[in-house]
Amino acid sequence: MDNFNIFIEKQFRISLLFFFLGLFFGILYSINLLGVFIDSTTLNPVNIRSLHISLMLYGFIPLMLSYLPFLLINKEVGSCKDGLFYLNLYTIFWYIFLIFMISSLLFGNTRGLAFYDFPYELNFILSLAGVFYIIALYKFIKQYGVKPLWVKVSLYIVMTAPFALLVLMNPTIGQVEKTVTGPHGDNTLGMSFALIPIYFLIIKLLSKNEFKARWNILWITPLFFYIISVFYRSFIGELTYNQEWFFQYLTLLYVPLLYRWYQDAKIERFAKLALLISIASFLFVDIEGNILFIPEIRWLFHRNDLIVAHAHVAMGISIFFMVISMFVSHIKELQTLKFYSFYLFGLIGIFTVLSLSGFVQAGVLKASIHNFWIARTIFGSFAFLSVLAFVNRKFKLTNLQKYNLFGFLSDGLGGVFLILLASFIYPSLNFSFEGKYEYIVFVFVSMTGLIHFLALKYKEYESILTKLTVFIRVFISSLFFSLYTAGTLEIVALFISAFDISMVVFYLLYFYKKEQLCKN
């Protein structure tokens, strides 16, 4: 396997963690709606909702979609070692953005927006990532003797993206604040059209034969009218409802277009299945969206659970399976039905119960919304359980690996647990909690757990990384013991000191002793 394929597989698995984290916060939010709350500074419903939506919109899905041009270039002319370096930098800065975003939203730094709720300043990290993306794409493209049209268009669009991002997301001069009112008919046409070239490139990537798009008039016509609507709004005035309705219904032209493209392509079995799920759900959302635009229906269901269900199919199935189809040949777990079954059962269940809840809220049906919300939580748990398809069932661990696994679970996950729940747990145990320096300590604890994880994952560095955790624990234990005896910190400090020094003693008496005996 070459470096490009190794890189793609690695980043898919890493970024998928952010997707399942988004599912986890979605389940927590649905539990909150059932009236179950934890008095935690970080885990309040507003923060959890923002985390769920933001991780879905900015985590796994957009990052993996951004690899599409590189996958296609690699298929046509091969990889580029220098370009891969910058693509890796782009990915790292995207992960840095996600970490900053999660931290900001956990502590309530929201903007009160539907889709772009994190602080505006974080867009500068994304823009920096975009610069590395441009460099990577340029270096990959240089391999072509004659550049195809799609390559030129992709490069031109990408070159403007970092700057457009900073303008469009700006709270003063940008358009992001207007998303609170929801999209109009012509904006829906524009958003739908944005997916058409992505479908074209994905089909071109997956097709075993040379794919040539037919029936192009079916995407040229909506694009033409969308451009007209943009100029009309910019220079003449607002569109009437009937004009918006006309633009909205132009999206129905994508139904025969995508059918034709799908039928013309020769695609491997599981990739074709994933693409079929994506296209079928996209067309369902398209048709349902046009029905919901009928005036009498639109205001009946405006912003109730039926619209939420609609969004789950659009993002959680259609665009998600776009990504899945791209990576089937790279990820072996996507070549079995286990993942598809769990995930689709969960998402289709969520769509069904939320749609029924929407009919109840609109007064069309009489039933208990609370029961539908309980069902949503259950179906969400099934979707989350699809992560089991990616779990490596390797249980044969050496004693040192077991030590590092325990260290990762106790410190790595324990630190995260404290970040999320310490503001609730400490007062419950009558411990003082200021909610300031404590979070820094919790992050440091998590980093110790991360070192244990790296020792567990990388066998060649296992010994030195484990020793590093021992040194850290000695200093941390001594510091907390000193702060406790000086009366600066309470009994919690003594517990931390005792735990860390116990881990050190166990290592020295068991593993270090064996290591020295082997050397002798």
Side-chain angles (χ1 to χ4, degrees), residues 17 21 24 38-44 47 96 99-100 102-109 397-458 461-516:
L17 293 174
L21 187 60
F24 171 74
I38 296 176
D39 187 17
S40 168
T41 302
T42 52
L43 291 185
N44 67 65
N47 296 355
I96 291 173
I99 292 170
F100 270 75
I102 292 170
S103 296
S104 298
L105 296 180
L106 269 178
F107 290 98
N109 297 321
L397 302 176
T398 66
N399 288 332
L400 187 56
Q401 286 176 324
K402 292 177 182 177
Y403 174 83
N404 281 311
L405 178 61
F406 177 77
F408 167 67
L409 295 175
S410 61
D411 287 60
L413 298 185
V416 173
F417 178 80
L418 288 172
I419 290 173
L420 298 177
L421 294 171
S423 60
F424 167 73
I425 294 174
Y426 273 53
S428 300
L429 299 174
N430 293 321
F431 297 151
S432 63
F433 185 79
E434 295 183 18
K436 297 176 182 178
Y437 78 90
E438 290 98 339
Y439 287 113
I440 299 174
V441 174
F442 300 153
V443 170
F444 200 91
V445 169
S446 297
M447 291 303 99
T448 305
L450 179 60
I451 297 173
H452 277 290
F453 174 77
L454 294 175
L456 184 65
K457 182 175 178 59
Y458 298 104
Y461 305 115
E462 181 181 41
S463 179
I464 187 64
L465 288 173
T466 306
K467 285 186 175 70
L468 179 60
T469 65
V470 172
F471 285 121
I472 292 173
R473 289 186 186 281
V474 169
F475 285 103
I476 291 296
S477 180
S478 66
L479 180 62
F480 275 98
F481 179 77
S482 300
L483 291 172
Y484 170 73
T485 54
T488 306
L489 294 180
E490 298 176 342
I491 191 70
V492 177
L494 184 60
F495 290 156
I496 296 174
S497 176
F499 177 80
D500 278 333
I501 201 63
S502 297
M503 291 286 288
V504 171
V505 170
F506 183 81
Y507 174 84
L508 292 175
L509 293 181
Y510 190 79
F511 297 107
Y512 186 71
K513 178 182 178 182
K514 286 186 176 181
E515 185 179 312
Q516 294 303 309

Rounded to the nearest 0.5 angstrom, the CG-CG distance for N44 and L106 is 9.5 Å

4.5 Å side-chain heavy-atom contact, L397 and L405: yes

For F107 and Y439, I'd like to know if the aromatic rings sit close, meaning centre-to-centre distance below 6.0 Å. yes

With rounding to the nearest 0.5 angstrom, report the CD1 to OG distance, I99 to S104. 11.5 Å

Can you confirm whether L494 sits close enough to F481 that some side-chain heavy atom of one is under 4.5 Å from a side-chain heavy atom of the other? yes

Might you point out which heavy atoms bring F408 and G449 nearest each other, and give the distance in Å? CD1-O, 3.5 Å

Check whether any side-chain heavy atom of F444 sits under 4.5 Å from a side-chain heavy atom of I476, and report yes or no. yes

Expected output: side-chain T448 to main-chain D411 donor-acceptor under 3.5 Å: no

Measuring from atom NZ of K402 to atom CG of N404, what distance do you get when rounded to the nearest 0.5 angstrom? 13.0 Å

Could you walk me through whether I496 and V445 pass the side-chain contact (heavy atoms from CB on, under 4.5 Å) test, one step at a time? CA-CA 10 Å; I496 296 174; V445 169; 5.7 Å; no

Apply side-chain contact (heavy atoms from CB on, under 4.5 Å) to residues L105 and N47 and explain how you reach the verdict. CA-CA 6 Å; L105 296 180; N47 296 355; 5.7 Å; no

For residues S423 and S40, report the shortest heavy-atom separation together with the two atoms involved. OG-CA, 3.2 Å

Are there more than 12 heavy atoms of other residues, nucleotides or ligands under 6.0 Å from atom CZ of F499? yes

Are the side chain of S478 and the backbone N or O of F475 linked by a donor-acceptor pair below 3.5 Å? yes

Side-chain contact test, heavy atoms from C-beta onward, threshold under 4.5 Å: evaluate it for T466 versus Y507 and give yes or no. yes

For the pair E462 and T398, evaluate side-chain contact (heavy atoms from CB on, under 4.5 Å) and give the outcome as yes or no after the intermediate values. CA-CA 11 Å; E462 181 181 41; T398 66; 4.2 Å; yes

Are H452 and F406 an aromatic pair by the rule of ring centers under 6.0 Å? no

Just how far is it from atom CG of L420 to atom OG1 of T41, taken to the nearest 0.5 Å? 11.0 Å

L454 CG to K457 NZ distance, which is reported to the nearest 0.5 Å: 9.0 Å

Just by modelled atom types, is the S497 backbone N or O under 3.5 Å from a matching donor or acceptor in the D500 side chain? no

How are the rings of F511 and F506 set relative to one another: parallel (under 30°), tilted (30 to 60°) or perpendicular (over 60°)? perpendicular

Within this structure, what is the CG-CD1 distance for the pair L508 and I501, rounded to the nearest 0.5 Å? 8.0 Å

Within the structure provided, determine whether I472 and L468 are in side-chain contact (heavy-atom separation under 4.5 Å). yes

